[in-house]
Amino acid sequence: MKGIIFNLLEDFIVEGWGAQRFERIFSACPLQTKTPFVGPGTYPDSDLMMLVERVCAELGIEKDAALRAFGRFAMPRLANKFDGFVSAYRHPKPFLCTVDGVIHLEVRKLMTKAEPPRIQFHDPSPAQLVLHYWSKRQLCALFEGLLDGTADYFGVPFTIQQTACMSRGAPTCDFLLEFSR
Amino acid sequence: VTEPVDPEVLARRLARAEERVAILESMLEDRTREVYLAAQRLQATTDSLAELFRTVPGAILVFGADGLLEAVNGETLRLVGRPEAELVGAPYERLFSGIPPSLSELRDVGASGQVFRGERQMRRAGGDRIPVLLSVTLLDGAGPSLVCVAIDLTERKKLEAELLHASKLESIGRLASGIAHEINTPIQFVGDSVSFARDAFAAMAPVIGRGMALTRLREEGAPLEVIYQAAADLRKAGLEAEIPFMLEELPGALDRALEGLSRVAAIVKATKAFAHPTGGELRPADLNEAIRTTLIIAHAEYERAAEIELHLGDLPPVACHIGELNQVFLNLLINAVHAIQDRPQRGRGKITISSHVDRDHALVAITDDGAGIPEAVQDHVFDPFFTTKEVGRGSGQGLAIARSVVVDRHKGTLTFQTHEGLGTTFFVRIPIRPAARTSIAALRAVR
């Protein structure tokens, strides 16, 4: 997992619960990584999961809810950081269609060790979009939070319905998005 | 955030932030080094490609999406004889002649993932044109739109022309004894007829002399007995000279002499037409006349082997290199003769030559009832140096040259149908250019 995600997770906790709380959680995790996380670095997925689980235990929230809230927090920040990929669009639908073919492709080109999830799409009608998420990390709750954040960023609300999940044996986690405008 | 932050926590966070900066600096240094090395490699590749672009022995022309020339290499400058400053900005169509494919046609070709290839001409400073093999690739991107690679065919065309001419001269050499025979036969009866006329004149000269003497005696008022004696001498000389026989035979002898001279003149004219050097431009010509010319000069080659049946239809003038097509018809005719000679049955065969208009083409078909082409060799008959004939009878160049002339030089087709044991038909299709769609009469009027 890229260091930027760890940094955003730290920001998420610090902004929500304070630096003291974060330090407590952070120091209580026996992470593999002994150096500070930096954005371009690549770190073990297990470190992220350990942090997330510790956060959930510390704050008494469910893991999927925590991941979804973190995704919603992270998306506008990622969009501002890499606005070249986002600012060309005025609606979330065409932007979401570029995630796999443009954004993740560029990520893979720039960071050879990166393993972004595969996001394939199906466009059944103008007001709908079907997304198929696949990642060996199976973080579909984080992805759903990123979708929430996308709606926030564009100011265009849409409903999200998860119709399949890898954790229940499906080959991909599928999401049906319906746009009101 | 309401919870007060412990100074110790703040110190830990500060220390981690400093360490983070140090890591990022180290990463930045590594990345800078990588970028520097990559830039060096890129520069070396760019230099190498630029050198390749400059020195490659083919003209490279790069056009923008608007069809205007953006970049050229050294070979282009050498070929067209103009400085780069004069070329850059020139439209694609102005640099090539010979119906260049339009931009939209190229887009169609490019969309199908193909590369356009064809012979075209490049315009030189001063108006000369250079034959080139042009390849055009359509690029799909924001940069240049067209890349043209032109290979100078001047030397190849020169060699091809020399080969064609050498082949033609070789044919004339091969046919020389037959042509000599064709000329010798009429020359013999021209000689006989002229000898007869000379003898007739020698026999009639005394009669004419005596007749003139008699006339003079009468005019001078000579005595009657002298005039009677002169008349008796004239009658006697007339009987001795067989005057009635001479008067009956002499016109025929002179006609035969003239006919013989006319045949010799026709053979000489045909040989001259056949050996006519090839020019650079296509010129309207009568293909039927070319077939007749070929038959005249090849008469000795086929007269014992086959009878000729001609079905020559009405053809418009065809824009062509007629000297080269003469060679094609001769090669096909000689092949037909050989095919008849190769068949197991004895006796003369038949060669049928027909011509007619087939849509936009003039079609000439040459059919023999010879041995046919075995299936095993049918795919190779147009290959250079391929022959099934024994040494000395065929070089294996005849059909290869015919194909090159018809397909490469005239954009026509040369095909065949064959049935083993029954015979073969070769079909020569030459495009009739619209400008050439005038009548044969008009062509003759121009001459």
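Each chain gets a letter, A, B and so on, in the order its sequence line appears, and its residues count up from 1. Computed over heavy atoms, backbone and side chain alike; hydrogens, waters and symmetry mates excluded.
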(request) Find the one option among B:R12, B:E8, B:R20 whose heavy-atom pairs under 4.5 Å with chain A are most numerous. (result) B:R20
(request) Identify the two heavy atoms, one from A:Q20 and one from B:D6, that lie closest to each other, and give their separation to 0.1 Å. (result) OE1-N, 2.6 Å
(request) Determine the minimum heavy-atom distance between B:M27 and A:P40, stating which atoms define it. (result) CE-CB, 3.7 Å
(message) Nearest 0.5 angstrom please: A:E10 CD to B:R13 CZ, how far?
(response) 4.5 Å
(message) If you count every heavy atom of other residues, nucleotides or ligands that lies below 6.0 Å from B:E375 atom CD, does the total exceed 12?
(response) no
(message) Using a 6.0 Å cut-off, check whether atom CZ of A:R68 has over 12 heavy atoms from anything other than its own residue.
(response) yes
(message) Surrounding NZ of B:K158 (heavy atoms of other residues, nucleotides or ligands, distance under 6.0 Å), is the total greater than 12?
(response) no
(request) Can you establish whether the number of heavy atoms outside B:R124 located under 6.0 Å from its atom CZ is more than 12? (result) yes
